[in-house]
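See structure below.
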Amino acid sequence: MPIFLDTGNISEIEKYLKMGIIRGVTTNPTIMLREGVTGGLKGVKKRSIEIAKLINPLPLSVEVTTNDPEKMVEQAKDLAALAPNINVKITIHGPDGELENLEVIHQLETKMNIRINVTAMMSAQQGLIAAMAGASYVSLFGGRINNMGYNACEEISKLRDVIDSFELKAKIIIGSTREVLNIIEWLGAGAHYVTVTPNILHDMVIHPYSKETVKTFLADAAKTETKLK
Ligand code: E4P
């Protein structure tokens, strides 16, 4: 089921959940900060519990707030224990290319039974490595890929091909949506899920010509009432 909501905003999640059009929620530290979360990891956990309960059994991705390998393991265990539908996000490598992240991802997935969403990835190559390490989800940042002058659709399609060919369990999530067209194009290219910001999801639905059409229908319906009198 293809659409996740990329937000930490409770009322936006409630709104789209009621419509039945989202199949999960993704967050990251930037999103949490933007949505008013304070208090560091404690605040992140509080908001995550709220969201996880609200969307249960749909999945919620929550990111660790450290790049220290031991602390990542501890935080991942902590976050995963908050609710059964929480997946833990860990970046493909550290801020200076530290590779310990992959060791942590492999350990959490294969020895601790924690579902990991490997994030901050910009290429099919990175996605393949994350999938090989055992990740349940691999997150590519489509908007950022396009902004760097590469083609997100090509990266998605290459990654989907190798995941399918080698029967890797990872599902591709593509985030970093920038425009409405991204969703249908990225799904068409082979992403399992697109995580969409609330404003872009809104714009996917509303069409000026639909508005005009509805106005005509309502006006004509009203005219039929008048004729009956
Ligand atoms: C999703 O998993 C990502 O964290 C998110 O979509 C990143 O989006 P941005 O590039 O707009 O920060």
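Both counts, for ligands and for their atoms, begin at 1 and track the order of listing. Just so you know, these numbers use all the heavy atoms, side chains as well, and skip hydrogens, waters and symmetry mates.
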### Query
Parallel, tilted or perpendicular: which describes the rings of Y137 and F4, with under 30° parallel and over 60° perpendicular?
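Y137 and F4: perpendicular rings.
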Filter the ligand 1-protein atom pairs down to N or O on both sides and distance under 3.5 Å, then list them.
from: ligand 1; atom 1: 2 (O); to: K89; atom 2: NZ; distance (Å): 2.8
from: ligand 1; atom 1: 4 (O); to: N28; atom 2: ND2; distance (Å): 2.6
from: ligand 1; atom 1: 4 (O); to: K89; atom 2: NZ; distance (Å): 3.3
from: ligand 1; atom 1: 6 (O); to: D6; atom 2: OD2; distance (Å): 2.5
from: ligand 1; atom 1: 6 (O); to: S176; atom 2: N; distance (Å): 2.7
from: ligand 1; atom 1: 10 (O); to: R144; atom 2: NE; distance (Å): 2.7
from: ligand 1; atom 1: 10 (O); to: R144; atom 2: NH2; distance (Å): 3.3
from: ligand 1; atom 1: 10 (O); to: S176; atom 2: OG; distance (Å): 2.7
from: ligand 1; atom 1: 10 (O); to: R178; atom 2: NH2; distance (Å): 3.1
from: ligand 1; atom 1: 11 (O); to: R178; atom 2: NH1; distance (Å): 2.8
from: ligand 1; atom 1: 12 (O); to: R144; atom 2: NH2; distance (Å): 2.7

### Heavy-atom pair of closest approach, residues K171 and H192
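K171 and H192 have their closest heavy atoms at CA-ND1, 3.4 Å.
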### Query
Applying side-chain hydrogen bond (donor to acceptor under 3.5 Å, both in side chains), which residue pairs with at least one partner in residues 92-103 are found, sequence neighbours left out?
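For residues 92-103, and leaving out neighbouring residues, the side-chain hydrogen bond (donor to acceptor under 3.5 Å, both in side chains) pairs sorted by first residue read N67-N101, T91-N101.
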### Query
With sequence neighbours left out, what residues match T195 under side chain to side chain donor-acceptor pair (under 3.5 Å)?
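Result, side chain to side chain donor-acceptor pair (under 3.5 Å) vs T195: T26.
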### Message
Can you see whether T7 engages N9 through a side-chain donor-acceptor pair at a distance of less than 3.5 angstrom?
### Response
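No pair is found: no donor N or O on one side chain lies under 3.5 Å from an acceptor on the other.
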### Message
Could you work out, with salt bridge (Lys or Arg N to Asp or Glu O under 4.0 Å) as the rule, every residue matching E155, not counting sequence neighbours?
### Response
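E155 satisfies salt bridge (Lys or Arg N to Asp or Glu O under 4.0 Å) with K158 only.
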